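One structure is given below, encoded as structure tokens.
Below, chains carry the letters A, B, ... as their sequence lines are ordered, and counting in each starts from 1. Since we're looking at a predicted model, the values are computed, not measured.
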Number of protein chains: 2
Amino acid sequence: MATKEVVGESEQIASDTVSAWDSLLQEIAHRPKRATERKQDRAKRTEQQILNAALRVFARDGISRSRIADIAAEAGISTSTLYEYYKSKEDLAYDVPLSHLAEFFESYHANAASRTSARERLLLYLVMSADYAREHAEWARLLYLEIWPSVFVSDTELRHSIDDFTRVILFLVKEGVAEGWVSPDRNPYETVALLIGGVNQLIITWLLYRKPKNLTRAGTEMAERLIAMLENEVRR
Amino acid sequence: MATKEVVGESEQIASDTVSAWDSLLQEIAHRPKRATERKQDRAKRTEQQILNAALRVFARDGISRSRIADIAAEAGISTSTLYEYYKSKEDLAYDVPLSHLAEFFESYHANAASRTSARERLLLYLVMSADYAREHAEWARLLYLEIWPSVFVSDTELRHSIDDFTRVILFLVKEGVAEGWVSPDRNPYETVALLIGGVNQLIITWLLYRKPKNLTRAGTEMAERLIAMLENEVRR
DNA sequence: GAGGTTTTCCGATAAAACGTCGATTTTATA
DNA sequence: TATAAAATCGACGTTTTATCGGAAAACCTC
């Protein structure tokens, strides 16, 4: 926390940092939706039904085994109507996780407001990632097991959102260096890979085998451990 | 390294450990191939051509966009012949990475022979994982970006092989506890997730963005850092 | 090396899933 | 309530996956 003695440039930086943080999360949580929005209420409802149905079917059967016809049926519409909304199965699959991802960012932004240090914010971020996956297992299964790594998401709204996920951590790691608890000698990108990798691996294992049983607890433990490890690197 | 004074039970354990290690890698590197093996040489060649063609096409187009007809053409056979070998595209996709994976285990086993401590063996394992991915980028792209997380690999030969990948690390982590450089207070599965996660995230990032430019170097750095972090946890 | 058997290969075709289009119904609005 | 725009759907064409029966090649035995 900045002391009152510190003024001028330092103050400026602190203020810049706060605003940079807020605008980063603002931008991330409210990425522009698709250009063409539906005009009628009925259509908005239909769109939502499609997304819900798609999430269920994709999570149950996997994207490649899922059939457009099944999703349409589940949504209570005809196959051809679905094509009015999405031009292909791939297109649909890449749109499904977006709303949840935005919701996660928003929820995180709200919760992070009370945390002042980058250290606490990072801890919260990692813990919340795991917990959100547990709460929304269908979504998580789709995102982590089927879509995240896929190359073909490039140049998609979704790829940007996934990259945002990384950007937040990168931002906090750099602040961590400024705060002095992250080693400045380490490549920040490497540190990011370390953090995301550890947590994601935990989530993936849980999605595949339902182990560890308590993902929230395991996520917290992992997050605390990772941060403690980073701190250990500087104090020597 | 065991001192000469230590004999009897301790010696026994050391010997058991070595043999457990060797038999683990033996088992892993030589998992039984598919039950029905081809009888004629011509057919064996055809099978190889299919696998090579499939790797190329899958890596280029992604599994879901790839067409069986394209793979067959690339392999120089008819579509129906391909179906004599694999009952579906999915089946084929899950068989493709296997031979490379076995090769990796074998290569690792050979290289690890000269390393005596679990620490060195673990380091080598992590470094070699990254390096093998760099050397066999098409294979790595298929395995890491498309298949590894997929739920539907369950009950497949491939899933066993992927689990083997984890088992080796788990084995070494437990030995690390015995050797005293891994904290016994930590859940070994968590430690494994940490290690695999960090390295895999690095590999995935490289496959997607070709960053970091030098994967071998980055992999070595990451592996050394991870192990140093584990060591930091015990010395306090 | 001829005859018989098994293995491998392929063309034709069925089955399934994807995707399009014009006609029809519903909604918004004036 | 007349009209235009938006949304829906059934019918149909296309693409991709998968099957099957028979031809061709390899193998085996005498």
Pairwise 5' ranking along DNA chain D for Gly76(A) and Thr79(B), keeping only the more 5' one: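 By nearest-heavy-atom nucleotide position, the 5'-most residue is Gly76(A).
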Hey, is the side chain of [X] poking within less than 4.0 Å of OP1 or OP2 on [N], counting only N and O atoms?
| X | N | answer |
| --- | --- | --- |
| Ser78(B) | dC10(C) | yes |
| Arg67(A) | dA16(C) | no |
| Lys89(A) | dC18(C) | yes |
| Tyr83(B) | dA18(D) | yes |

Side-chain donor/acceptor of Ser80(B) to base of dG11(C), under 3.5 Å: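 Such a pair exists between side chain and base.
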Sugar-phosphate, base or nothing in reach of Tyr86(B), heavy atoms under 4.0 Å: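 Counting heavy atoms under 4.0 Å across all strands, no contact is made by Tyr86(B).
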Sugar-phosphate only, base, or nothing, as touched by Ser66(B) at under 4.0 Å among non-hydrogen atoms: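 Sugar-phosphate: the residue Ser66(B), judged by heavy atoms under 4.0 Å, touches backbone atoms but no base.
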Ring geometry between Tyr125(B) and Phe165(B) (parallel below 30°, tilted from 30 to 60°, perpendicular above 60°):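 Phe165(B) vs Tyr125(B) ring planes: tilted.
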Geometric class of the Trp148(A)/Tyr144(A) ring pair [parallel <30°, tilted 30-60°, perpendicular >60°]: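 Ring orientation of Tyr144(A) relative to Trp148(A): parallel.
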Figure out the [atom1]/[atom2] separation between [X] and [N], and round it to whole Å.
| X | N | atom1 | atom2 | answer |
| --- | --- | --- | --- | --- |
| Gln49(B) | dT8(C) | CD | P | 14 Å |
| Lys87(A) | dC21(C) | NZ | P | 15 Å |
| Asp41(B) | dT8(C) | CG | P | 10 Å |
| Ile77(A) | dG10(D) | CD1 | P | 12 Å |

Taking the side chain of [X] as heavy atoms from C-beta outward, which of [options] is closest to it?
| X | options | value |
| --- | --- | --- |
| Thr46(A) | dA28(C), dC10(C), dT8(D) | dT8(D) |
| Lys39(A) | dA7(D), dT19(D), dC9(D) | dA7(D) |
| Gln40(A) | dC18(C), dA7(D), dC9(C) | dA7(D) |
| Arg42(A) | dG21(D), dC18(C), dT26(C) | dT26(C) |
| Glu84(B) | dT20(C), dT8(D), dC9(C) | dC9(C) |

Exam field: side chain Arg38(B) to backbone Lys44(B), donor-acceptor pair closer than 3.5 Å: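 Side chain of Arg38(B) to backbone of Lys44(B), a donor-acceptor pair under 3.5 Å: no, none is there.
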Flag for Ser66(B)-Arg60(B): side-chain donor and acceptor within less than 3.5 Å: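 Side chains of Arg60(B) and Ser66(B): no pair found under 3.5 Å.
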